[in-house]
Amino acid sequence: MRYLVEQSGSKVIVHGIKDFNLKETLECGQCFRWNEEDDGSYTGVAFDRVINVKLDGDILTIDNTTLADFNDIWYDYFDLGRDYGKIKETLSQDEILKAAIKYGEGIRILRQDTWETLISFIISQNNRIPQIKKVIENLSRLLGHPIVYKDKTYYTFPKVQDFIMADVELLNKSKCGFRSKYIIDAALKVFNDEVNLFELQLYDTYDVRNMLMSIRGVGPKVADCVMLYSIGRYEAFPTDVWIKRVVEFLYLKRKTNNSDVQSFAKEKFGDLSGFAQQYLFNYAKDHVSKDVFKERKN
DNA sequence: CGCCAGGGCTAGC
DNA sequence: GCTAGCCATGGC
């Protein structure tokens with residue numbers, strides 16, 4: 001991927017962007033701290049920074065940043081080094097994915113901070129996206145650090161130490177509900193180095209998954225999300241109720257279980273499973289009913 | 001009021 | 001091994 005990159009004041013402008021749609025990428029449920037502005041741009045907090053991103057044709061404008069931060073952080077965050085055209089071409093050999101990709105051609109998989117992703121997806125269990133966003137926002141306001149951008153105050157996502165210092169009572173103010181004990185266990189295990197988030201890259205995916213799942217409240221689905229959205233394990237295929245419905249309804253044409261869905265993905269999509277999952281999840285939300293297999297009574 | 005939510009834990013087979 | 005019931009909270 002070759003881009004022409006220039007700096008203009010507080011903005012970094014990138015020419016030559018392809019396969020990128022902000023709404024599809026930032027509102028598909030992989031991240032929770034981006035909000036759309038009136039002009040269609042998005043403002044969000046990531047890696048202790050607040051930026052605003054706008055996409056006009058093939059021109060991506062990132063405001064409130066520097067060339068150094070673009071190279072060190074945002075290039076990888078938005079996965080700009082990857083050829084999504086090639087991935088989509090490969091996956092489109094499958095007719096169902098072809099349709100799903102057509103429905104979300106501009107989806108990219110972000111590379112987010114591992115700690116934030118871990119806590120975010122612990123919060124995601126048995127919860128809805130708007131509520132997940134609220135809880136993460138509450139946690140950031142309670143424990144993070146303020147940053148002012150265009151007269152508005154934003155808050156960084158709290159560090160491990162910030163959670164260690166907090167008691168259950170404070171965490172409960174975030175409305176995280178029964179997940180507070182999970183968040184505390186995650187903070188303790190990471191703080192005590194029982195789980196080293198910076199060394200996950202050293203292990204193979206099977207081991208990383210089990211290491212993450214040693215944290216209470218982290219099961220297969222949450223572990224897969226952390227691996228896919230923060231450490232680039234694209235063979236992961238996070239299997240939630242929607243993905244299960246897609247595989248049952250569109251592929252296998254029968255009821256199944258999560259274990260079989262995992263095997264199916266590994267065989268069908270291999271190293272591209274994570275990308276396939278994104279396209280399918282996005283498609284399923286709007287095209288697959290939640291009671292596709294509910295048998296009619298009477 | 002009851003139901004459910006990008007799941008996971010626990011108890012009971 | 002497998003699965004039903006439970007979990008805080010809020011929206012419908």
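Side chains included, hydrogens not; waters and symmetry mates left out as well; all remaining heavy atoms used. So you know, we letter chains A, B, ... as the sequences are listed, proteins then strands, and number each from 1.
Following rounding to the nearest Å, A/Leu110 (CG) and B/dG6 (C1') show an atom-to-atom distance of 16 Å. A/Ile243 places its CD1 atom 15 Å from the C1' atom of B/dG7, with the value rounded to the nearest Å. Counting to the nearest Å, the P atom of B/dG8 and the CD1 atom of A/Ile184 are 19 Å from each other. Per the geometry, CG belonging to A/Asp240 stands 9 Å off C1' belonging to B/dG7, to the nearest Å. For A/Phe237 and B/dG6, the CZ to C1' distance is 13 Å, given to the nearest whole Å. Between A/Ile132 atom CD1 and C/dG11 atom P the separation is 14 Å, expressed in whole Å. Atom CD1 in A/Ile129 sits about 18 Å away from atom P in C/dG10, given to the nearest Å. Atom P of nucleotide B/dC4 and atom CH2 of A/Trp242 are separated by 13 Å, given to the nearest angstrom.
Between the side chain of A/Arg216 and the base of B/dC9, no donor-acceptor pair under 3.5 Å is found.
Contact annotation: A/Lys133 does not reach the phosphate of B/dA5 (side-chain N/O to OP1 or OP2, under 4.0 Å).
If you find the closest nucleotide of DNA chain B to A/Tyr182 and to A/Pro130, the one lying nearer the 5' end belongs to A/Pro130. Comparing A/Gln277 and A/Met213 along DNA chain B, the residue whose closest nucleotide (by nearest heavy atom) sits nearer the 5' end is A/Gln277. Summary of the strand contacts: A/Asn257 and A/Asn126 both lie near DNA chain C, and taking for each the nucleotide with the nearest heavy atom, the more 5' one is attributed to A/Asn257. Each of A/Ser259 and A/Gln125 lies near DNA chain C, and the nucleotide nearest A/Ser259 is the one positioned closer to the 5' end.
Screening A/Asn64, A/Thr65, A/Thr66, A/Asp63 for a side chain to side chain donor-acceptor pair (under 3.5 Å) with A/Ser10, the sole residue that qualifies is A/Asp63. Checked options A/Asp83, A/Asp19, A/Asp94; the residue passing with A/Lys88 is A/Asp19 (criterion: salt bridge (Lys or Arg N to Asp or Glu O under 4.0 Å)). Each of A/Glu116, A/Arg111, A/Gln278 was scored for a side chain to side chain donor-acceptor pair (under 3.5 Å) with A/Tyr229, with one residue passing: A/Gln278.
Residue A/Gln278 places its side chain closer to B/dG6 than to any other of B/dG6, C/dC7, B/dG8. The side chain of A/Gln131 has C/dG10 as its nearest neighbour among C/dG10, B/dA5, B/dG6. Listed nucleotides B/dC4, B/dG7, B/dG8 differ in distance to A/Arg128; the shortest reach to its side chain belongs to B/dC4.
Across all strands shown, A/Val135 has no heavy atoms under 4.0 Å from either base or sugar-phosphate atoms. Residue contacts shown for A/Gly29 include a base, since a base heavy atom lies under 4.0 Å away. Across all strands, A/Lys221 comes closer than 4.0 Å to base atoms (heavy-atom distances). Nucleic acid contact class of A/Phe32 (heavy atoms, under 4.0 Å, all strands): none. Across all strands, A/Lys134 comes closer than 4.0 Å only to sugar-phosphate atoms, never to a base (heavy-atom distances).
Under the 30°/60° scheme for interplanar angles, the aromatic rings of A/Trp115 and A/Phe163 are found to stand perpendicular.
Straight-line distance between the P atoms of C/dA8 and B/dA11: roughly 15 Å, to the nearest whole Å. Of the P atoms belonging to C/dC12 and B/dG6, the separation is 13 Å, rounded to the nearest Å.
Pairing of C/dT9, defined by two Watson-Crick or G-U wobble distances under 3.5 Å, is identified with B/dA5.
Between the CD atom of A/Gln30 and the CD1 atom of A/Ile109 there is a distance of 6.5 Å, given to the nearest 0.5 Å.
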query = Would A/Glu37 and A/Thr43 count as a side-chain hydrogen bond (donor to acceptor under 3.5 Å, both in side chains) if you check the C-alpha gap in whole Å, the side-chain angles of each, and the deciding distance to 0.1 Å?
reply = CA-CA 7 Å; A/Glu37 306 287 354; A/Thr43 305; 2.5 Å; yes
